[in-house]
Structure formats: C-alpha cells, structure tokens
Protein chains: 2
Amino acid sequence: MSYIPLLPGSLAAPVAERSDAARNRERLLEAARELIAECGVDSLTMDRLAGRAGVGKGTVFRRFGSRTGLMITLLSDSEAAFQARFMFGPPPLGPGAPGLERLIAFGSARIAYVLEHGDLVRAAESSAQSRYEVPAALLWQRHVEILLREEGMEADPLLMAMTLISTLDPERLLHAVRVQGFTTERLTSTWRELVTRVVSGR
Amino acid sequence: MSYIPLLPGSLAAPVAERSDAARNRERLLEAARELIAECGVDSLTMDRLAGRAGVGKGTVFRRFGSRTGLMITLLSDSEAAFQARFMFGPPPLGPGAPGLERLIAFGSARIAYVLEHGDLVRAAESSAQSRYEVPAALLWQRHVEILLREEGMEADPLLMAMTLISTLDPERLLHAVRVQGFTTERLTSTWRELVTRVVSGR
DNA sequence: ATATTAATCGGACCGCGGTCCGTTTAGCTT
DNA sequence: AAGCTAAACGGACCGCGGTCCGATTAATAT
C-alpha cells in the first residue's frame with residue numbers, strides 16, 4: 001500500500017541513491033532526532049546538524065533542500081499514520097460515520113497532532129510554499145471538501161474547505177495553548193461548533 | 001522612571017524625542033517608502049534602508065525594533081483609517097447595521113485591505129508575536145466577538161472570533177489570489193457564507 | 001561659554017539559512 | 001585491475017535580521 005507522497009517527487013521517484021548518500025541521510029536523520037531530543041527543535045541549526053552527523057553543510061541541503069524540508073521528512077512517518085487514520089481507519093475519523101462527525105473528528109485529531117508534535121509541525125509549515133502546496137495539505141483539503149459535499153454544501157466547497165483548514169494553522173493553535181493558555185478542549189469545542197454550524201447552517 | 005512600551009516607539013511613548021532622532025525617523029520612513037516604490041517590499045533590507053537614509057544600521061533598529069516593526073509603522077496610517085471605518089464609519093461596516101451584516105462587511109473590507117497593501121501586510125504579520133498580540137489584532141478580535149454576541153452566539157464567542165479572524169490571514173489570502181488564482185469575489189463570498197452559517201447555524 | 005550627562009549614533013560583529021564550486025568517490029565499463 | 005563519469009561531498013562564501021559598545025552629540029545645568 002502506498003500513500004500520497006509528502007515531498008514533491010521523493011518517494012514517488014525511486015531514483016537509485018548512491019550508498020554514501022543513503023548512509024549520510026540516515027546519519028543526518030539520526031543526528032537531527034538526537035539534537036531535537038537534547039535541545040529542542042528551535043535550536044537545531046543546519047550547521048550544528050552537519051557537525052553532529054559528521055558531514056558537510058552542503059550535504060544537508062542536498063538531502064533535504066531546506067530546513068523546512070528536513071522537518072517535513074522528520075514528520076513524514078507520523079504524517080503518513082495520520083493520513084491512514086482518516087482515510088482508512090475506524091470511524092468516526094475514518095469512513096463509516098456521517099460527514100459531520102468525520103469533520104469534527106478530523107479537526108480534533110489534527111489539533112491533537114499539532115499539539116503533540118509542537119514546534120516540529122510549526123517548523124515544517126514555516127513557509128507559504130510548505131503550508132499550502134505540500135501534497136499532505138492538498139490531501140486534507142480534498143478530504144474536507146468531500147465531507148462538505150457529502151453533507152450537502154453547495155456553494156464553493158473547495159474554498160470553504162481551505163478556509164476551515166486555515167483555522168487549524170499550527171502557529172495559531174500553539175500560540176493559543178502555550179501563550180494564551182486556552183485548553184485543548186476549548187479549541188476542539190470551537191472547531192466542533194464551527195463545522196457543525198457551517199454544515200447545517202443557513 | 002520608565003515602563004515597557006506596547007510598541008517600539010509607538011503611540012504610548014510620551015518621552016520627548018531628541019531632534020536628531022526625530023529627523024532620522026522621518027528620513028528612514030521616507031527612504032523606506034522610496035525603496036518599496038522602486039523595488040518592492042521584499043527587497044527592502046535593513047542595510048539598504050540604512051544606506052539610503054544615510055544613517056547607521058543600529059539607528060534603524062533602535063527606531064523600529066525590527067523589520068516587522070518598521071512594516072507596522074509604515075502601515076499604521078492606513079490601519080488607523082481601517083479601524084476608524086469599522087468603529088465609527090457608516091454602516092454596514094460601522095455601527096447602525098445588524099451584527100451579521102457588519103461581520104460580512106468587516107471580512108470584505110479586511111480582504112480588500114490585505115489585497116491592496118499586499119506584501120506590506122504580510123511582512124507586518126510575519127511573526128507570531130505581531131500576528132496575535134499587536135493591539136490592532138486584539139481590536140479586531142474584540143470587534144468580531146462583540147458582533148457575535150450581538151447575534152446571539154453563546155458558546156465561546158471569544159475563541160470563535162479568533163478562529164474566524166484566522167481565516168483572514170494575509171499569507172493565505174495573498175496565496176489564494178496570487179498563486180492559486182482565486183478571485184476576490186470568491187474569497188469574499190466564502191467569508192459571507194462562513195459567518196452567515198456560523199451566526200445563524202445549529 | 002562651559003561642563004555634564006544621557007540619549008543617540010554607526011558600523012563591526014554574530015549566527016542563521018542557503019548557495020557554489022573545486023575535489024572526491026561509488027559504481028559501472030573494459 | 002584500471003579507467004571513466006556522474007553523483008556526492010564539504011566548507012568557503014553570501015546576504016539577511018539582529019546585537020553591541022565605544023564614539024558622538026543634543027539638551028540641560030552652572
């Protein structure tokens with residue numbers, strides 16, 4: 001079973017990787033996880049990472065393209081798991097429940113995901129490019145759009161889906177919880193209220 | 001006796017400014033507008049600005065605190081005008097119209113404002129700090145919250161207001177129009193649909 | 001006028017993400 | 001085993017936002 005790739009042309013383009021390249025990629029990912037465990041995501045710099053992994057800085061950028069790309073790679077496993085849950089998993093998140101319940105579950109799950117992975121998600125979405133055009137984002141958008149249609153929304157479900165999803169922006173959620181002190185429950189409730197009214201409103 | 005100002009060198013700072021400081025601030029703002037007119041917001045760097053204004057780099061940062069602070073200052077006039085419109089101006093944006101209509105008008109006006117000032121607004125909101133804690137953002141939030149209450153929303157109007165406003169994020173709006181090619185009308189319609197359903201929903 | 005002082009100034013300096021290009025090397029060919 | 005070539009390597013280099021601190025200067029007291 002193969003999922004929609006998280007990075008443009010990475011998993012989908014299985015160009016043979018030279019052995020030293022593969023070895024360095026593993027080294028870098030391991031070193032990155034170590035550094036994050038030790039000092040947190042924010043103090044992970046590309047220089048430090050290169051130093052810890054024993055490779056040159058250029059190698060880091062050739063492997064991951066950018067700091068954002070590295071963060072996306074570090075999250076790709078849990079992101080794939082998240083995708084699997086709402087696409088194939090048990091209801092109400094997965095198929096089998098009514099659209100509205102799935103919408104509510106989707107938001108709750110996303111909020112939990114963002115709070116669990118914290119700064120990592122924020123760093124992975126730190127550019128407009130990575131926020132809106134990464135395959136994962138397009139997948140969520142389609143998912144929410146389909147659920148909206150299923151619930152009978154007629155007017156511009158695509159843009160409404162994008163709008164609803166923008167509400168789950170990691171930066172905003174983390175700020176709400178960590179700086180403003182809102183509880184996860186309140187955020188989840190507001191999402192539930194929002195999608196319920198949007199779906200059954202008018 | 002000194003206290004922490006709300007904004008670097010802003011309205012709340014009654015401390016008399018030395019004449020050379022005031023002169024340099026004017027020079028810098030003028031130079032900034034020139035550079036933006038010539039090359040766009042994105043290629044305005046703090047070094048170039050200092051060079052054009054004929055001052056040292058340190059002076060730029062003492063005046064405006066950060067690049068974000070400079071952008072906020074550059075926008076402050078039009079931001080004040082925007083605030084005046086929805087607080088004291090004619091309906092439906094200003095007082096006199098029903099809450100829902102004022103909500104719709106608020107979103108439309110904000111979308112127009114963001115698209116008009118483009119990169120400048122984006123640059124002014126480029127940090128979580130400036131996005132959520134700047135006085136202007138708190139004002140919009142209160143405004144929307146009050147309109148929601150006026151329309152009878154009971155459950156958590158504060159958080160619902162913040163959520164709705166997050167939908168008007170400049171980065172998202174600009175990306176939708178400039179990259180994805182959505183029309184202003186579609187964005188405005190979606191906002192209208194959203195707030196209408198939220199207010200009259202359930 | 002002169003002295004005092006505190007605000008202001010300016011540019012060297014820092015760490016960051018990201019690029020570039022001469023050097024090295026893995027893996028194939030002969 | 002030796003040669004070839006394209007890929008991978010690594011670190012010097014760049015421009016950026018932001019900081020720091022000794023030099024300067026405007027405003028005030030004498």
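Keep in mind that the numbers below use all heavy atoms, side chains included, and drop hydrogens, waters and symmetry copies. Everything numeric in this text was worked out from a predicted model, so none of it was measured. So that the names make sense, note that chain A is the first sequence line, chain B the second, and so on, each numbered from 1.
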Check your understanding: Is the distance from OP1 or OP2 of C:dG10 to the nearest side-chain N or O of B:Thr59 less than 4.0 Å?
Key -> yes

Practice item. Quickly work out the B:Leu28 CG to C:dG10 C1' distance and round it to whole Å. Key: 12 Å

Practice item. For A:Ser43 and for A:Gly65, locate the closest nucleotide of DNA chain C by heavy-atom distance; then report the residue assigned to the nucleotide nearer the 5' terminus. Key: A:Ser43

Practice item. Round to the nearest Å and state the distance from A:Asp20 atom CG to C:dT25 atom P. Key: 10 Å

Exercise for review: With heavy atoms under 4.0 Å as the rule, sort A:Arg67 into base, sugar-phosphate or nothing.
Suggested key: sugar-phosphate

Exercise for review: Enumerate the residue pairs fulfilling side chain to side chain donor-acceptor pair (under 3.5 Å) with a member in residues 39-61 of chain A, sequence neighbours excluded, ordered by first and then second residue.
Suggested key: A:Glu34-A:Arg52, A:Glu38-A:Arg52, A:Asp47-A:Lys57

Review point. Start at the 5' end of DNA chain D and walk down; is the nucleotide closest to A:Ala21 or to B:Met46 reached first?
Key: A:Ala21

Review point. Within a radius of less than 6.0 Å around CZ of B:Arg178, do more than 12 heavy atoms belonging to other residues, nucleotides or ligands occur?
Key: yes

Review point. Which one of A:Phe86, A:Phe82, A:Phe88 satisfies the ring pair (Phe, Tyr, Trp, His ring centres under 6.0 Å) criterion with A:His143?
Key: A:Phe86

**Study point:** Inter- and intrachain pairs under side chain to side chain donor-acceptor pair (under 3.5 Å), touching residues 97-114 of chain A, at least two apart
**Key:** A:Arg110-A:Glu125

Check your understanding: When we call it a touch if two heavy atoms are under 4.0 Å apart, what does A:Arg25 touch: a base, just sugar-phosphate, or nothing?
Key -> nothing

Point to revise | Evaluation steps, salt bridge (Lys or Arg N to Asp or Glu O under 4.0 Å), between A:Arg23 and A:Asp20 | key: CA-CA 5 Å; A:Arg23 188 195 61 219; A:Asp20 52 346; 5.6 Å; no

Exercise for review: Please determine if a side-chain N or O atom of A:Arg23 lies less than 4.0 Å away from the OP1 or OP2 oxygen of C:dA26.
Suggested key: no

Study note, to complete from the structure: Walking DNA chain C from its 5' end, the first of A:Leu44 and A:Arg62 to be reached, judged by nearest nucleotide, is A:Leu44

Practice item. Can you tell me the distance, in whole Å, between the CZ atom of B:Arg18 and the C1' atom of C:dG10? Key: 13 Å

Practice item. On DNA chain D, check which nucleotide each of B:Asp47 and B:Ser19 is closest to and give me the residue with the more 5' one. Key: B:Asp47

Check your understanding: So, is B:Asn24 near the phosphate of C:dT8, with a side-chain N or O under 4.0 Å from OP1 or OP2?
Key -> no

**Study point:** For chain B, the stretch of DNA chain D it reaches, first to last nucleotide, under 4.0 Å of its heavy atoms
**Key:** D:dC16 to D:dA27

Point to revise | Donor + acceptor pair across side chains of B:Thr68, B:Ser126 (<3.5 Å) | key: yes

Review point. With distance as the sole criterion, is a donor-acceptor pair present between the side chains of A:Arg172 and A:Ser166 under 3.5 Å?
Key: no

